[in-house]
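All remarks here apply to the structure that follows.
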Amino acid sequence: MKKLSKLTSVLMAGAMLLSLAACGGNPTGGESGTSPSPAPSQSAAEPSNSAAPANTPDAAASYTVGICQLVQHEALDAATKGFIDAINEALPGQVTFDEQNASNDIPMCSTIINQFVASNVNLILANATPALQAATAATVDIPILGTSVTEYGVAMGIKDFTGTVGGNVSGTSDLAPLADQAAMVQEWFPDAKNVGLIYCSAEPNSQYQVDVVKTELEALGYTATLYSFSDSNDLAAVTETAVAASDVIYVPTDNTVAANTGIIDNICRPAKIPVICGEEGIARGCGVATLSISYYDLGQTTGKMAVKILTGESDVSTMPVEYAPNFTPKYNADICADLGLTPPEGYEAIG
């Protein structure tokens, strides 16, 4: 009985081994009963499956971007925010921003930019024309992107500007269709005779805009007169002079005006003199209407350009200046109501 039990155990063990041999899976993935095929070797010339695709940002890289914004106001603030958001979306956690505001002190732009150059930042954003001029004067090596710059040829003294600055500079422009802005005056105020154009003489792009709009207004039959101020200290006096001689006021995308819309509104609205504006932020503060871009979208476009430069996908010297694709006619409901004005069809209320 003991011998039989021992024999039975041996037979059962043998059967189990045969079963495993017939049904067991191959640890290397081969079919049962066959030898596993060796893994193919990869030659040095063949790309690895783990290699990053071309133009894919290096997740380990880090960058510092210096931002010089001329002054705090709605349009420039939106452009800076759009710029930062676009970069953070493409390069999350990889970019440190050194954000500085010159408080409308043009010499301060140079001080800020020189600090960026001394720190050897990877890229400079110059938000507004004076910031761009300060940056281009400070470095020919660090990539510079401008934004909220109306006309790069005027800002940088380039004759017959063709759209690409070259060197270490590119960016985005907020240039509006100035002929269409002049036509807005006729659309809203066909019976007006005299239009006063108020602008800061320290901003060359403001001078460019009012010169163009003046010519367009005169072609439409208006008497157009330029009223310049040097800084916010004489803005009120100049506005009072313009209001006394004008049926309508026009202001371009002027940074000093944008930072001081309350001064213009406090003079123009009580006098029942309407203001047509170059951009939405100014119109929100003192105007009846504008044909404006989204400065946030403009900043986003600039941020996407920055990502291409930082990651080596594009060379700043060959990047053309980019322009806002869309302009929206908008009106200020509160000021229109105070002045008894009904907006023409197709205008959107400023939110």
Side-chain angles (χ1 to χ4, degrees), residues 73-79 81-82 147-148 150-151 172-199 205-206 208-224 242-243 246-255 257-258 261 264-265 268-269 271-301 322-351:
H73 65 68
E74 182 177 327
L76 299 192
D77 291 350
K81 186 175 189 312
T147 193
S148 312
T150 303
E151 219 289 328
T172 57
S173 168
D174 63 357
L175 180 62
L178 298 174
D180 292 345
Q181 289 191 349
M184 288 177 65
V185 175
Q186 187 176 53
E187 182 180 25
W188 280 74
F189 310 107
D191 298 328
K193 304 297 183 185
N194 300 300
V195 181
L197 296 88
I198 299 176
Y199 69 101
N205 274 314
S206 295
Y208 170 80
Q209 291 173 81
V210 295
D211 286 345
V212 172
V213 173
K214 181 178 187 293
T215 300
E216 295 290 341
L217 288 170
E218 290 172 344
L220 293 171
Y222 294 97
T223 298
V243 164
S246 306
D247 304 310
V248 181
I249 296 295
Y250 171 83
V251 292
T253 55
D254 183 291
N255 290 296
V257 167
T261 56
I264 294 177
D265 188 48
C268 291
R269 201 184 321 193
K272 302 298 182 183
I273 300 298
V275 182
I276 297 292
C277 304
E279 60 94 3
E280 182 177 338
I282 298 176
R284 189 190 309 278
C286 67
V288 298
T290 184
L291 184 63
S292 184
I293 65 169
S294 164
Y295 277 82
Y296 179 83
D297 290 348
L298 192 71
Q300 284 233 312
T301 298
E322 297 195 26
Y323 294 81
N326 300 309
F327 293 84
T328 305
K330 295 188 175 185
Y331 71 98
N332 184 320
D334 290 339
I335 295 181
C336 284
D338 285 351
L339 300 185
L341 298 172
T342 301
E345 189 175 339
Y347 279 75
E348 175 184 313
I350 295 173

Straight-line distance of [X] [atom1] to [Y] [atom2], nearest 0.5 Å:
X	Y	atom1	atom2	answer
Glu74	Leu76	CD	CG	10.5 Å
Leu291	Thr328	CG	OG1	7.5 Å
Asp174	Tyr323	CG	OH	10.5 Å
Thr253	Tyr208	OG1	OH	11.0 Å
Asp247	Ile273	CG	CD1	6.5 Å
Thr147	Glu322	OG1	CD	10.5 Å

*What do the steps show when you test Val288 against Phe189 for side-chain contact (heavy atoms from CB on, under 4.5 Å), and what is the final call?*
CA-CA 11 Å; Val288 298; Phe189 310 107; 4.2 Å; yes
Output yes when a side-chain donor or acceptor of [X] lies under 3.5 Å from a complementary backbone atom of [Y], and no otherwise.
X	Y	value
Ser294	Asp297	yes
Lys272	Asp338	yes
Ser173	Thr150	yes

_Show every ring pair (Phe, Tyr, Trp, His ring centres under 6.0 Å) that has at least one partner inside residues 324-344, sequence neighbours left out._
none
Would you say that [X] contacts [Y] through its side chain, given a criterion of any heavy-atom pair below 4.5 Å between the two side chains?
X	Y	answer
Asn255	His73	yes
Tyr347	Trp188	yes
Asp265	Ile335	yes
Val195	Val213	no

*For Gln300, enumerate each residue passing the side-chain contact (heavy atoms from CB on, under 4.5 Å) test, keeping only those at least two apart in sequence or located in another chain.*
Asp85, Ala86, Tyr296
*asked:* Please identify which of these residues, Val243, Leu339, Val251, Ile198, meets the side-chain contact (heavy atoms from CB on, under 4.5 Å) condition with Cys268.
replied: Val243
Looking only at heavy atoms, what is the nearest atom pair of [X] and [Y], with distance?
X	Y	result
Ile282	Cys277	CG2-SG, 3.7 Å
Ser206	Asp254	OG-OD2, 2.8 Å
Ile264	Val275	CG2-CG2, 4.3 Å
Ala324	Ile293	CB-CG2, 3.4 Å
Tyr250	Gly278	OH-CA, 4.4 Å
Ser148	Leu298	N-CD2, 3.8 Å

*asked:* Tyr295 vs Glu280, test: side-chain hydrogen bond (donor to acceptor under 3.5 Å, both in side chains). Steps then yes/no.
replied: CA-CA 9 Å; Tyr295 277 82; Glu280 182 177 338; over 6 Å; no
